[in-house]
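Have a look at the structure below, then the notes.
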Amino acid sequence: MPELPELEILKRELRPYVLGRQVKELVVPEGKGGDCAVGEWKEALEGATITGVERRGKMLVLHVDSGFSLIVHLMMVGQLLLRSVYNGVPNDVQLMLVFEDDQLFLGQVHLKFLRLVPTADLDQMPQLSELGRDPLGEAFGPEILGEMLAQRRGKIKSFLLDQRHLAGIGNTYSDEILFEARISPTRVASSLNADEVRRLHGSVVRTLQRGLELGGSSEMAFVHLDGSKGIFQEQFRVKGRKGKPCLVCGTPIEKTSVGGRGTYFCPSCQE
DNA sequence: CAAAGAACCTGGCGGC
DNA sequence: TGCCGCCAGGTTCTTT
């Protein structure tokens, strides 16, 4: 799934190509674009220059100098492809931004999560304003994590998945994070001792960084701007490994459901 | 208000 | 071949 590392990758790849570039045309193919107001979107985007690309949790926000911002959430299957580096024709283009010398495709996005809003209103958008801390941000340390966990009576996996606490972790990374931290996904968040909190913090940061370095997880639809795949999924330690031996102790990995989400863990290593 | 569960949405897959 | 139900995990709503 596209989670923090995947969106961070797209942000970094996108910046050199689109920053300072003028949008010549917004193209919405026949029958595509969901219920986005094409006329208003054209007015806001065509002729405007892209002034910023930032990531908020699992969302990408493109700012343009006409005073609007485009919020993109890829959900499970969305893709962003750039014509100048992508060799081929995307098969489901929902929306395309045409630049002087390039074209940016938004494909297979869940359009409910594609929004164009005045930049001044961005901070009032609940999807953004209710987001929690960025786990790769400088201010995120073990002490802060400990404070966040202290009052939580829910399961630690549910805490990691809740975007209001830490923004950007999804079902794939949460399982890998908890395995590395040797903490059971069903542990009550506030029950973690100081050492476990330190391990969890280190694991959150290292696991997300590792995902980044491996080009993200292309287990499902995620690809880079040029269509290439990441390889993090080849190094999953628990995700999708039900019944296979734990890479640390050999015990078969188990699959259960936590918070309604498929959850893989080692019953021996994780307590 | 926090937590849990169900619901909704998308695409993919297996069974019939 | 299509249809259907189910699963997946992203969010959001509803209930407790």
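Chain letters run A, B, ... following the sequence lines, proteins first, then strands; residues in each count from 1. Because the structure is predicted, anything quoted here is derived from the model rather than measured.
- Applying the under-4.5 Å side-chain rule to Ile, Leu, Val, Met, Phe, Trp and Tyr, the cluster around A/Met75 extends to A/Phe113.
- The nearest whole Å value for the distance from the CE atom in A/Met220 to the C1' atom in C/dG9 is 8 Å.
- Each of A/Asp92 and A/His165 was matched to the nucleotide of DNA chain B holding its nearest heavy atom; the match closer to the 5' end belongs to A/His165.
- Using the six-membered ring where Trp is involved, A/Phe222 and A/His224 have ring planes that are tilted, between 30° and 60° apart.
- Atom-to-atom, CD of A/Glu130 to P of C/dG10 comes out at 18 Å; the value is rounded to the nearest Å.
- Across all strands shown, A/Gln94 has no heavy atoms under 4.0 Å from either base or sugar-phosphate atoms.
- Between chain A and DNA chain B, the heavy-atom contact criterion of under 4.0 Å yields a 5' to 3' nucleotide range of B/dA2 to B/dG11.
- Note on residues 158-175 of chain A: pairs passing salt bridge (Lys or Arg N to Asp or Glu O under 4.0 Å), not counting sequence neighbours, are A/Lys157-A/Asp175, A/Asp162-A/Arg164.
- Among residues two or more places apart in sequence or in another chain, the salt bridge (Lys or Arg N to Asp or Glu O under 4.0 Å) test is passed with A/Lys24 by A/Glu100.
- Sorted by first and then second residue, the pairs that involve residues 121-158 of chain A and meet ring-ring contact (aromatic ring centres under 6.0 Å, His included), not counting sequence neighbours, are A/Phe140-A/His201.
- No engagement by A/Gly260 is indicated, since no non-hydrogen atom pair under 4.0 Å with the nucleic acid exists.
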Pull out every protein N or O sitting under 3.5 Å from an N or O of nucleotides 11-15 of chain C, one pair per line with the distance.
| residue | atom | partner | partner atom | Å |
| --- | --- | --- | --- | --- |
| C/dT11 | OP1 | A/His73 | NE2 | 3.4 |
| C/dT11 | O4 | A/Arg261 | NH2 | 2.8 |

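- The CD-C1' distance, from A/Glu6 to C/dG9, rounds to 13 Å in whole Å.
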Please determine whether salt bridge (charged side-chain N to carboxylate O under 4.0 Å, His left out) holds for the pair A/Arg182 and A/Glu180, giving the CA-CA distance in whole Å, both sets of side-chain angles, and the decisive distance to 0.1 Å. CA-CA 5 Å; A/Arg182 308 199 308 279; A/Glu180 179 172 322; over 6 Å; no

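- The side-chain hydrogen bond (donor to acceptor under 3.5 Å, both in side chains) contacts involving residues 25-34 of chain A comprise A/Lys32-A/Asp92, where partners must be two or more places apart or lie in separate chains.
- Applying the side-chain hydrogen bond (donor to acceptor under 3.5 Å, both in side chains) test to A/Lys239 and every residue at least two apart in sequence or in another chain returns A/Thr172, A/Glu219.
- No engagement by A/Lys157 is indicated, since no non-hydrogen atom pair under 4.0 Å with the nucleic acid exists.
- Applying the side-chain hydrogen bond (donor to acceptor under 3.5 Å, both in side chains) test to every pair with at least one member in residues 75-90 of chain A, sequence neighbours left out, gives these pairs: A/Arg83-A/Gln103, A/Ser84-A/Asp102.
- Of the residues in residues 172-183 of chain A, none has a non-hydrogen atom less than 4.0 angstrom from any atom of DNA chain C.
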Under 3.5 Å, side-chain donor or acceptor atoms of residues 44-51 of chain A against the rest of the protein: list the pairs with distances, not counting sequence neighbours.
| residue | atom | partner | partner atom | Å |
| --- | --- | --- | --- | --- |
| A/Glu46 | OE2 | A/Leu26 | N | 2.9 |
| A/Glu46 | OE2 | A/Lys42 | NZ | 3.0 |
| A/Thr51 | OG1 | A/His63 | O | 3.4 |

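- Counting only residues at least two apart or in different chains, side-chain hydrogen bond (donor to acceptor under 3.5 Å, both in side chains) contacts with residues 122-148 of chain A comprise A/Arg55-A/Asp134.
- Counting any heavy atom pair closer than 4.0 Å across all strands shown, A/Gly259 reaches no nucleic acid atom.
- Using a 4.0 Å heavy-atom cutoff across all strands shown, A/Gly170 reaches sugar-phosphate atoms only and no base atom.
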